[in-house]
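A short write-up of the structure that comes next.
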Amino acid sequence: MKVLIFAEQRGGKVKKASLEALSAGRQLADATSGSVAAVILGLGIGGQAPGLAKFGADAVYVGDDAIFEKYSADVYGLGVGKAAQVFGADVLLFAASAMGKDLAPRVAARLDIGLLSDVTSFTMDGAIPVFTRPIYSGKAFSTVAPKAGKPFAVSLRPNVFPAVEKAGSGQVVPLEHGASASDVKAVVKEILTAEGGLLDVAEANVIVSGGRGMKGPENFKILEDLAKEVGGAVGASRAAVDSGWIGHSHQVGQTGKVVSPALYFAFGISGAIQHLAGMSSSKVIVAVNKDPEAPIFKVATYGIVGDLFEVVPLLTQAVKDLKAKG
Amino acid sequence: MNILVFVKHVPDTETRVKVAPDGLRLDLSEANWVMSPYDEYAVEEALKLKEKLGGEVTAITAGNEESVKTLRTALAMGADKAVLCADGAFEGGDAAGTARVLAAAARKIPFDLILAGKHGVGDDNQQVGSLAAQLLGIPAVTVVTGLEVNGQDLVCKREIEGGTEVVAATTPALITCQKGLNEPRYPSLKGIMAAKKKEVATWKAADLGLDPGSVGAAGAAFEVRKLELPPPRPAGKVLSGELPDQVKELVRLLREEAKAI
Ligand SMILES: Cc1cc2nc3c(=O)[nH]c(=O)nc-3n(C[C@H](O)[C@H](O)[C@H](O)COP(=O)(O)OP(=O)(O)OC[C@H]3O[C@@H](n4cnc5c(N)ncnc54)[C@H](O)[C@@H]3O)c2cc1C
Ligand SMILES: Nc1ncnc2c1ncn2[C@@H]1O[C@H](COP(=O)(O)O)[C@@H](O)[C@H]1O
């Protein structure tokens, strides 16, 4: 199969989630004696091609053009669609990032092909790839296969597939994209970074979440301190978000972000079904709650029944001590 | 400003899902069905814009007779008109099939703006809005938490990893709505009564000029092999002892057993 990966870059740096997609693409191509290409769009991004070859790209379509300086799904869609046609892609892979989720359906509709969102694993059934994705925010998993003979697109959930170095031949092909200014109908004007460029829960390997048990916005400081020690992001239950203690971009759950970090801390979160739906695929879950009957303990790997205001500072100190020891 | 709102009828977020005996579908017979939560933001934003700028708000769903309940909710909130797109040919469709149906319906109603939800709870596709926009040849701005309308010009704030993008677009356009955009109103008693009298139009594949082969199961790009529940998590450990000792033990377990820190 010929697999094309959209290599998302921001500020000239290729996203880790795109390298994960590239590695997954390499695996798909190797299983079917196919080949892998990446398409990268932006301005002044020509130097990124060797990095993409290192993770498996046999060809890199480079759209290095002022028209791609600012993200616009209109022209990015044109560019990726063009690359898919030139390469003759059977499969298009995107990272299911904010940009990937915005762009993938635009490309799929443009090419009139099917799209699977947020895939978390795949296997081969002979020559046919079979994909699994969570539905109902992970309350169930759906496994599907593409109908024979038609190209299709897939977005892969970030942080799930490993990015593995495996050299591809990395031939650089300038992309004849054909996009012009009149194609731009919606375009990014400006990017406002969150307070202090905080790590987003959707991208974090460790998440430190607080719920109604945090009692007030000022107390989130202790979670930030712990998050800093463990290199994680701060998450929250909807109760904490709706109380206005923290921004909704931190909300984890069925109507927030669905996350699967290596480590998830739940402090003062009861474990409502909508919260569990968003985090119960985390590899390790630590729950701290005063109430021994709280449902969160049913999914916790480790639980402490106790007052979070005592536990969190002790924990932060213990992690500090551990790091000092090396 | 004439606005179309795409609303989807879904099992509410309390639903405990079960797999049907055939292993290919979910058994949702015990679910309570409601308007998908993000679509409430879409309806609210449409009503706010109408209150400011005038025009009509039309709620559209692709579904079946049951989905009329969600259309009534939109009408009770204040939408002027409602359209149900329903046809046996639409059954078993995927996001692309739904988008074809909704785009065909949108072509029949003059609009300046289409509002949809960020994603439909359940299928979790996060596709239909963008797909429909592409089919209609209009721009889409997704996951929007702030919207300003000045004549034909739109300034949207959209959520991205660790920040916010400011996106400029012009109408006609489609926007998908994220939590934070507004606080959806509850239908008033008066609204609920009025909604009962408003007419719901029903359009079939033929009314929409759709080839039955392009929608429903026939038009779907993938076939389901299996549906399953996630494996139960292995039983965890609840620690005991003095709190400082529990914390020490937790850190030890995280490092040595789970290798997570
Ligand atoms: C349509 C819909 C969508 C929803 N989507 C989401 C979603 O995406 N995400 C989400 O999280 N929720 C969601 N919810 C809300 C969900 O149903 C719960 O209301 C919410 O998750 C509860 O948040 P909580 O656990 O922080 O609060 P609570 O349920 O009030 O729990 C607080 C917990 O803190 C404990 N506690 C209190 N003080 C302390 C202390 N000092 N130390 C230790 N523990 C303490 C208490 O024992 C309790 O267990 C949704 C609901 C609806 C209807
Ligand atoms: N069957 C449907 N009828 C009407 N609108 C829909 C339907 N399916 C999806 N949508 C719209 O598209 C949005 C995204 O849905 P999805 O792509 O399924 O996650 C929803 O929030 C709705 O606004």
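Numbers restart at 1 for each chain; the letters A, B, ... are given by sequence-line order, proteins then strands.
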P230(B) versus chain A, heavy atoms under 4.5 Å apart: side chain, backbone, both or neither? both
With a 4.5 angstrom heavy-atom cut-off, could you sort out which part of A99(B) is near chain A: side chain, backbone, both or neither? neither
Please test E14(B) against I273(A) for side-chain contact (heavy atoms from CB on, under 4.5 Å), starting from the C-alpha separation and ending with a verdict. CA-CA 6 Å; E14(B) 291 286 333; I273(A) 186 167; 3.9 Å; yes
Engaged part of K147(A) at the chain B interface, taking heavy atoms whose separation is under 4.5 Å: both
When the side chains of residues 309-320 of chain A are checked against the rest of the protein, which donor-acceptor pairs come out under 3.5 Å, sequence neighbours left out?
residue: T316(A); atom: OG1; partner: V312(A); partner atom: O; Å: 2.9
residue: Q317(A); atom: NE2; partner: D321(A); partner atom: OD1; Å: 3.1

With only heavy atoms counted, which part of A96(B) is less than 4.5 Å from chain A, the side chain, the backbone, both or neither? neither
Please determine whether a side-chain nitrogen of the Lys or Arg among K179(B) and D242(A) lies less than 4.0 Å from a carboxylate oxygen of the Asp or Glu. yes
Need one label for D118(A): side chain, backbone, both or neither, based on atoms under 4.5 Å from any heavy atom in chain B. neither
Is a side-chain donor-acceptor pair under 3.5 Å present for E165(B) with Y71(A)? no
Is there a side-chain contact between L322(A) and R255(B), using heavy atoms and a 4.5 Å cut-off? yes
If we only count heavy atoms from C-beta on, is the T145(B) to H248(A) side-chain gap below 4.5 Å? yes
Any ring pair (Phe, Tyr, Trp, His ring centres under 6.0 Å) involving residues 210-236 of chain B? Give me the pairs, sequence neighbours left out, ordered by first then second residue. F152(A)-F222(B)
Counting only non-hydrogen atoms closer than 4.5 Å, does N125(B) touch chain A with its backbone (N, CA, C, O), its side chain (CB onward), both, or neither? both
Side chains of T13(B) and Q274(A) only: does a donor on one sit below 3.5 Å from an acceptor on the other? yes
Between V224(B) and chain A, with a heavy-atom cut-off of 4.5 Å, which part of the residue counts as in contact: side chain, backbone, both or neither? both
Less than 4.5 Å to any heavy atom of chain A: does that hold for the side chain of K18(B), its backbone, both, or neither? neither
Region of A145(A) in contact with chain B, defined by heavy-atom distances below 4.5 Å: both
Measure I138(B) against the heavy atoms of chain A and call it side chain, backbone, both or neither at under 4.5 Å. backbone
K248(B) versus chain A, the contacting section by heavy-atom distance below 4.5 Å: neither
If I measure from the heavy atoms of chain A, does L250(B) come under 4.5 Å with its side chain, its backbone, both, or neither? side chain
L135(B) side, atom CG; D112(A) side, atom CG - distance, nearest 0.5 Å: 8.0 Å
Under 4.5 Å to a heavy atom of chain A? For R100(B) that would be side chain
Answer yes or no: is there an ion pair linking D123(B) with R133(A), defined by an N-O contact shorter than 4.0 Å? no
Close contacts, residues 258-267 of chain A versus chain B, judged by heavy atoms under 4.5 Å: L263(A), F265(A)
So, does Y302(A) use its side chain to make a donor-acceptor pair with the main chain of V251(B) at under 3.5 Å? no
Quick check: are there more than 12 heavy atoms from other residues, nucleotides or ligands sitting under 6.0 Å from CZ of R233(B)? yes
Hey, what do you get for OG (S249(A)) to CD (E161(B)), rounding to the nearest 0.5 Å? 11.0 Å
Side chain, backbone, both or neither: which part of A260(B) has a non-hydrogen atom closer than 4.5 Å to chain A? both
Rounded to the nearest 0.5 Å, what separation is found between the CG atom of D124(B) and the NZ atom of K139(A)? 9.5 Å
Heavy-atom side-chain proximity of I304(A) to L243(B) below 4.5 angstrom: yes
Chain A contact via K157(B) - side chain, backbone, both or neither, heavy atoms under 4.5 Å: side chain
Side chain to side chain contact (heavy atoms under 4.5 Å, CB included) against E91(B), all qualifying residues, sequence neighbours excluded: none
